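The structure appears below as structure tokens.
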Amino acid sequence: MSRVACVKNQFVPLRGAQVSMLDRGYQFADGIYEVVTLWNGRLVDESPHLARMERSLAALEIPMPMSVRAIQIRIRELLRRHRLKNGLVYIQITRGEAMRNHLFTGEMTPIFTMCLLPARFPTSQEKSEGVRVITAPDQRWARCDIKSIALLPNMLTRMASYRAGAKEAWQINAQGNITEGSLSNAYIVRADGVIQTHPADRSILGGIRREMVLKLAKQHGMALIEKPFTLDDVKRATEAFMSSASSFVLPITTVDDITIGNGAVGHVTEKLMTLYEAQVLAIPRVM
Ligand code: PLP
């Protein structure tokens with residue numbers, strides 16, 4: 001099947017789709033991205049993803065290239081052209097094309113690109129047995145809350161975890177706190193049953209899955225605290241898990257060489273996986 005991309009306002013074959021060398025995304029990583037999961041014909045949490053996209057743009061003073069409604073129409077057109085039920089709708093918006101200069105102006109026309117990428121959802125074995133993550137230094141900047149296309153530290157950290165045969169790397173900052181993964185949010189469950197995750201401040205990307213996990217936990221009376229945790233807390237934890245657009249809620253049973261709890265997927269994680277799946281199944285299909 002030949003994939004299609006939306007570049008500015010036009011649908012073109014993905015292979016060969018182009019933007020200018022002067023695009024500020026290419027020159028300065030001056031742009032943001034957003035990823036909406038298409039899962040069994042359903043767009044998962046589309047509105048919160050598009051709301052975060054608006055927040056990221058506002059933080060960088062990049063105007064919206066078109067209305068949210070217009071983006072939603074283009075997403076559906078992209079899906080119609082692929083006729084796939086699973087994938088990741090990848091949207092990237094840069095400040096636009098301009099002669100290279102650190103300074104920017106409000107006159108620049110943002111460039112919108114979008115495509116449907118293949119999704120690699122967790123396998124049933126990963127979901128039933130849990131995965132292993134390693135830890136790595138958090139080498140990122142002070143505005144991790146912006147979903148910026150500048151992903152060098154995330155990329156290098158993910159590469160390190162891949163080379164170590166692990167699913168993800170949990171990043172540890174200068175204070176010794178685990179902030180989040182290279183492409184996912186991080187959680188532990190304490191011995192007293194409380195779910196603990198780093199607060200959504202500027203040192204993490206406030207994941208949309210994270211937002212939903214916390215909402216579901218609150219709705220179902222599960223105890224939670226948004227507070228940084230350390231590797232020592234991980235050693236004492238009974239459960240651990242991660243969340244992201246493509247992994248949903250995924251259990252973690254090993255961190256470095258630490259076996260979490262009894263090494264099996266815990267009840268709290270299982271409950272959140274079940275609740276999230278039920279919520280996703282209630283979303284009307286678009287495909
Ligand atoms: N943290 C980082 C650094 C990420 O890159 C991502 C996703 O790309 C997440 C967390 C999870 O966010 P979401 O749940 O919106 O996919």
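All heavy atoms count here, side chains included; hydrogens, waters and symmetry mates do not. These figures come from a predicted structure and were not determined experimentally. Just so you know, ligand 1 is whichever comes first in the structure, and atom 1 is the first atom listed for that ligand.
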Shortest protein contact, [atom] (heavy atom only):
{"atom": "atom 1 (N) of ligand 1", "result": "Glu180 OE1, 2.6 Å"}
{"atom": "atom 12 (O) of ligand 1", "result": "Gly207 CA, 3.3 Å"}
{"atom": "atom 13 (P) of ligand 1", "result": "Ile208 N, 3.6 Å"}
{"atom": "atom 5 (O) of ligand 1", "result": "Leu183 CA, 3.5 Å"}

Can you tell which part of [X] has a heavy atom less than 4.0 Å from ligand 1: side chain, backbone, both or neither?
{"X": "Val35", "answer": "neither"}
{"X": "Ser184", "answer": "backbone"}
{"X": "Ser182", "answer": "backbone"}

Backbone or side-chain N or O of [X] under 3.5 Å from ligand 1 N or O:
{"X": "Arg52", "result": "yes"}
{"X": "Ala245", "result": "yes"}
{"X": "Lys147", "result": "yes"}

Ligand-residue contact atoms, ligand 1 with [X], heavy atoms, under 4.0 Å:
{"X": "His49", "answer": "15 (O)"}
{"X": "Arg209", "answer": "14 (O)"}
{"X": "Asn185", "answer": "10 (C), 11 (C)"}
{"X": "Asn154", "answer": "3 (C)"}

Report task. Could you tell me whether the side chains of Asp233 and Thr230 share a donor-acceptor contact shorter than 3.5 Å? Result ->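 Yes, a side-chain donor-acceptor pair sits under 3.5 Å.
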Report task. Could you tell me whether the side chains of Glu168 and Ser182 share a donor-acceptor contact shorter than 3.5 Å? Result -> yes
Taking C-beta and beyond as the side chain, do [X] and [Y] meet within less than 4.5 Å on heavy atoms?
{"X": "Glu46", "Y": "Ile75", "value": "yes"}
{"X": "Asp45", "Y": "Arg209", "value": "yes"}
{"X": "Ile252", "Y": "Val131", "value": "yes"}
{"X": "Asp256", "Y": "Leu231", "value": "yes"}
{"X": "Gln18", "Y": "Val12", "value": "no"}
{"X": "Met66", "Y": "Asn9", "value": "yes"}

Requested in this report: Report the C-alpha distance between Glu34 and Lys147 in whole Å, list the side-chain angles of each, state the deciding distance to 0.1 Å, and finish with yes or no for salt bridge (Lys or Arg N to Asp or Glu O under 4.0 Å).
Outcome: CA-CA 7 Å; Glu34 197 50 65; Lys147 202 163 166 67; 5.1 Å; no
